[in-house]
Undergrad: 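Once you've had a glance at the structure underneath, I'll fire off some questions.
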Protein chains: 2
Amino acid sequence: MEKLLNTFKVLSDETRVRLLVMLYHKKLCVCELCGVLGESQPKVSKHLAKLRDMGFVKDERQEQFIFYYLNMDNKMLNTILQEIVVNLGEYPTLAKDLQQLEGVEKFIQICEPK
Amino acid sequence: MEKLLNTFKVLSDETRVRLLVMLYHKKLCVCELCGVLGESQPKVSKHLAKLRDMGFVKDERQEQFIFYYLNMDNKMLNTILQEIVVNLGEYPTLAKDLQQLEGVEKFIQICEPK
DNA sequence: TACCAATATACGCATATGGGTATATCTATA
DNA sequence: TATAGATATACCCATATGCGTATATTGGTA
C-alpha cells in the first residue's frame with residue numbers, strides 16, 4: 001500500500017511526470033533532461049534524486065555524465081505510463097517533450113564520451 | 001495535463017484511495033464510509049468534499065443521508081482503480097475494506113429510509 | 001417548535017513539499 | 001596541480017496539505 005501511495009505521490013508533480021515519461025522512452029542523462037524540460041539543473045537533480053531514493057529510477061555514471069533509467073519493476077507505474085503514452089494526444093506538454101527528444105536523437109549525440 | 005496531475009494528487013492520500021476503491025464498488029453514504037474506514041466523520045467529509053470539488057465523485061442527498069458515487073468520466077482513474085481491484089491481494093487494507101463492505105451489505109441495510 | 005441525527009465546514013496547527021541560490025563533489029584534461 | 005564541466009546537495013523560504021475540535025446546516029420526528 002505504501003508503494004502504491006508513493007507511486008501516486010511522485011506522479012503528483014508535473015516535473016516528475018515529465019521526467020518519468022521521458023525515462024519510460026529511454027535512458028537519459030541529466031543535461032538532456034534539463035535541456036528538454038527547460039528547467040534548472042538543481043531542480044531536475046532534486047526530482048531525480050527523489051525518484052531514485054524511492055526506487056522508481058536508477059542512476060549510472062558514465063564518466064562525467066550521470067544517466068538515469070526507469071526501474072521497470074513497478075507494475076502500476078508501468079500501467080500508468082503506458083496509458084499516458086497511448087493517449088499522448090491529450091497531454092501536449094508531454095508530447096512536445098518526446099518530440100524534442102526525438103529531435104535531439106536525430107541530429108546530435110549529446111553526452112558522448114569524447 | 002492538469003486533470004492528470006489532479007488525479008494523481010487525490011490518489012496520494014491513503015484515505016482517499018480507500019474511499020475511491022469503495023466508491024468504485026458501489027454508491028455509498030458518508031456513515032457507511034466512516035464505518036468501514038474507521039475514521040472520523042469530519043475527516044471523511046473533508047476528503048469527500050475534495051473529491052467532489054475536483055469532479056471525481058458526485059453526491060446525492062436522500063433525506064438525511066448523503067450518498068457519494070464515482071464519476072466514471074475519468075479514464076485514467078478508471079484504469080488505475082481497475083488495476084488496483086484486479087491486484088487486490090497486494091493491498092490488504094483495501095481488500096479488508098471491501099470485505100467489510102460485503103459483510104455490511106449481507107446483514108443489514110444501512111441508511112435505508114424509514 | 002424543540003430535539004436529534006447526519007453531514008458539511010470553519011479555524012488553528014503541524015508537517016510536507018517544491019523551488020531558488022549557493023556550494024560541494026566528482027571526473028576529465030592540460 | 002589547476003581549471004573546467006557535470007551534477008548533487010545544503011540551506012532557506014513560501015506554500016500546500018492533512019487532521020482534530022468545534023460549530024453550522026439540513027432533514028426527520030414527536
Side-chain angles (χ1 to χ4, degrees), chain A residues 1-2 5-20 22-23 27-54 56-69 104 108-114, chain B residues 1-2 5-20 22-23 27-54 56-69 104 108-114:
Chain A
M1 186 68 172
E2 191 182 321
L5 284 170
N6 283 342
T7 303
F8 299 136
K9 280 173 184 167
V10 295
L11 288 165
S12 308
D13 177 77
E14 180 174 335
T15 304
R16 286 201 295 271
V17 170
R18 292 172 75 186
L19 286 171
L20 286 166
M22 287 199 282
L23 294 174
K27 181 203 283 195
L28 292 160
C29 80
V30 182
C31 61
E32 283 172 306
L33 292 164
C34 291
V36 173
L37 289 193
E39 298 280 0
S40 72
Q41 177 268 315
K43 179 176 176 176
V44 172
S45 273
K46 249 189 286 196
H47 283 300
L48 288 169
K50 183 156 190 155
L51 293 172
R52 182 196 60 229
D53 294 345
M54 289 175 101
F56 295 106
V57 303
K58 297 183 183 181
D59 61 0
E60 165 180 301
R61 180 180 277 276
Q62 284 174 24
E63 291 152 328
Q64 69 267 48
F65 303 105
I66 312 283
F67 281 81
Y68 284 80
Y69 58 99
V104 169
I108 30 176
Q109 295 293 325
I110 307 193
C111 316
E112 285 295 337
K114 319 280 171 69
Chain B
M1 186 66 172
E2 191 182 324
L5 285 170
N6 283 341
T7 303
F8 299 136
K9 280 171 184 168
V10 296
L11 288 165
S12 308
D13 177 77
E14 181 176 333
T15 303
R16 286 202 296 272
V17 169
R18 291 172 76 186
L19 285 171
L20 286 166
M22 285 199 283
L23 294 173
K27 182 202 283 193
L28 292 160
C29 80
V30 182
C31 62
E32 283 172 308
L33 292 164
C34 292
V36 172
L37 289 193
E39 297 280 0
S40 71
Q41 177 266 317
K43 178 175 178 176
V44 172
S45 273
K46 250 189 286 196
H47 283 299
L48 288 168
K50 183 156 190 155
L51 292 171
R52 181 195 62 229
D53 294 344
M54 288 175 103
F56 295 105
V57 303
K58 297 183 182 182
D59 62 0
E60 166 181 302
R61 179 180 276 275
Q62 282 174 26
E63 289 148 331
Q64 70 266 50
F65 304 105
I66 313 283
F67 281 82
Y68 284 80
Y69 59 99
V104 169
I108 30 176
Q109 294 292 327
I110 309 193
C111 316
E112 286 295 338
K114 317 276 172 74

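Naming convention: chains lettered A, B, ... in sequence-line order (proteins, then strands); numbering from 1 in each chain. All values derive from a computational prediction rather than experimental measurement.
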Undergrad: Working to the nearest 0.5 angstrom, can you tell me the gap between M22(B) CE and L37(B) CG?
TA: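 So the gap between those two atoms works out to 3.5 Å.
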Undergrad: Can you figure out which of dG28(D), dC26(C), dG18(D) approaches the side chain of R61(A) most closely?
TA: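 Of the options given, the side chain of R61(A) lies nearest dC26(C).
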Undergrad: How close or far is atom P of dG18(C) from atom CG of L37(A), stated in whole angstroms?
TA: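 The answer, rounded to whole Å, is 15 Å.
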Undergrad: Using modelled atom types and a 3.5 Å cut-off, is there a donor and acceptor pairing between side-chain atoms of R16(A) and backbone atoms of L11(A)?
TA: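 Not confirmed, R16(A) side chain does not pair with L11(A) backbone.
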Undergrad: Considering only heavy atoms from C-beta outward, does the side chain of V44(A) approach that of Q41(A) to under 4.5 Å?
TA: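 Counting from C-beta outward, V44(A) and Q41(A) never come under 4.5 Å.
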Undergrad: With the side chain of F65(A) defined as its heavy atoms from C-beta on, choose the nearest nucleotide among dA8(D), dG18(D), dA6(D).
TA: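 Of all the options, the side chain of F65(A) is nearest to dA6(D).
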Undergrad: List, with names and distances, any nitrogen or oxygen atoms from the protein found under 3.5 Å away from nitrogen or oxygen atoms belonging to nucleotides 9-16 of chain C.
TA:
from	atom 1	to	atom 2	distance (Å)
dT9(C)	OP2	R52(B)	NH2	3.4

Undergrad: Answer yes or no: is there a donor N or O on one side and an acceptor on the other, between the side chain of R61(B) and the main chain of I66(B), under 3.5 Å?
TA: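 Between the backbone of I66(B) and the side chain of R61(B) there is no qualifying donor-acceptor contact (under 3.5 Å).
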Undergrad: Roughly, in whole Å, what's the span from CD1 in I66(B) to C1' in dA8(C)?
TA: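 Atom-to-atom, I66(B) to dA8(C), this comes out as 9 Å.
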Undergrad: E60(B): what forms a salt bridge (Lys or Arg N to Asp or Glu O under 4.0 Å) with it, not counting sequence neighbours?
TA: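 K27(B).
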Undergrad: Can you pull out every salt bridge (Lys or Arg N to Asp or Glu O under 4.0 Å) where at least one residue sits in residues 35-52 of chain B? Sequence neighbours excluded, please.
TA: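 Salt bridge (Lys or Arg N to Asp or Glu O under 4.0 Å) check on residues 35-52 of chain B returns E39(B)-K43(B), R52(B)-D59(B).
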Undergrad: Among dC19(D), dA6(D), dG18(C), find the nucleotide with the atom closest to the side chain of K50(A).
TA: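 Looking only at heavy atoms from C-beta outward on K50(A), the closest nucleotide is dG18(C).
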Undergrad: If you check the E63(B) side chain, which of dG19(C), dG28(D), dA6(D) turns out closest?
TA: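 The listed nucleotide nearest to E63(B)'s side chain is dG28(D).
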Undergrad: Could you give the NZ-to-P distance, from K9(B) to dT15(D), as a whole number of Å?
TA: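 My rounded result for the distance is 16 Å.
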Undergrad: Hey, does V57(B) have a side-chain heavy atom less than 4.5 Å from the side chain of Y69(B)?
TA: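 The answer is no; the side chains never approach within 4.5 Å.
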Undergrad: Within this structure, what is the SG-CG distance for the pair C34(A) and L28(A), rounded to the nearest 0.5 Å?
TA: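 The distance works out to 11.0 Å.
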Undergrad: Looking at dA6(C), I'd like to know if its phosphate oxygens (OP1 or OP2) sit under 4.0 Å from a side-chain N or O belonging to Y68(B).
TA: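 Checking dA6(C) against Y68(B), no side-chain N or O comes under 4.0 Å of OP1 or OP2.
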Undergrad: OP1 or OP2 of dC19(D) less than 4.0 angstrom from a side-chain nitrogen or oxygen of H47(B), does that happen here?
TA: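 For dC19(D), OP1 or OP2 has a side-chain N or O of H47(B) closer than 4.0 Å.
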Undergrad: Can you tell me the distance, in whole Å, between the CG atom of L5(B) and the P atom of dT17(C)?
TA: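 After rounding, the gap between these two atoms is 16 Å.
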Undergrad: CG/D13(B) to CZ/R18(B) distance, rounded to the nearest 0.5 angstrom?
TA: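 The CG atom of D13(B) sits 10.5 Å away from the CZ atom of R18(B).
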Undergrad: Taking atom OH of Y68(B) and atom CG of L48(B), what is their separation to the nearest 0.5 Å?
TA: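 One gets 5.0 Å once the value is rounded to the nearest 0.5 Å.
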Undergrad: Mind calculating the distance between CG (D13(B)) and P (dT17(C)) to the nearest angstrom?
TA: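 Taking CG of D13(B) and P of dT17(C), I get 12 Å after rounding.
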Undergrad: For DNA chain D, list all stems, counting runs of three or more consecutive pairs where every pair is Watson-Crick or G-U wobble with both distances under 3.5 Å.
TA: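 Listed by first number, the stems are C:1-30 with D:1-30.
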Undergrad: Please report, rounded to the nearest Å, how far the C1' atom of dA8(C) is from the CZ atom of F67(B).
TA: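 Value for this atom pair: 17 Å.
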Undergrad: Categorize S40(A) for me: base, sugar-phosphate, or nothing, with a 4.0 angstrom heavy-atom threshold over every strand shown.
TA: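 The answer is sugar-phosphate, as S40(A) gets under 4.0 Å only of primed atoms, P, OP1 or OP2.
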Undergrad: Can you measure L28(A) atom CG to dT7(D) atom C1' for me and round it to whole angstrom units?
TA: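 Computing the L28(A):CG to dT7(D):C1' distance gives 16 Å.
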Undergrad: E39(A) CD to dA8(D) P: how many Å, rounded?
TA: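 After rounding, the reported distance stands at 16 Å.
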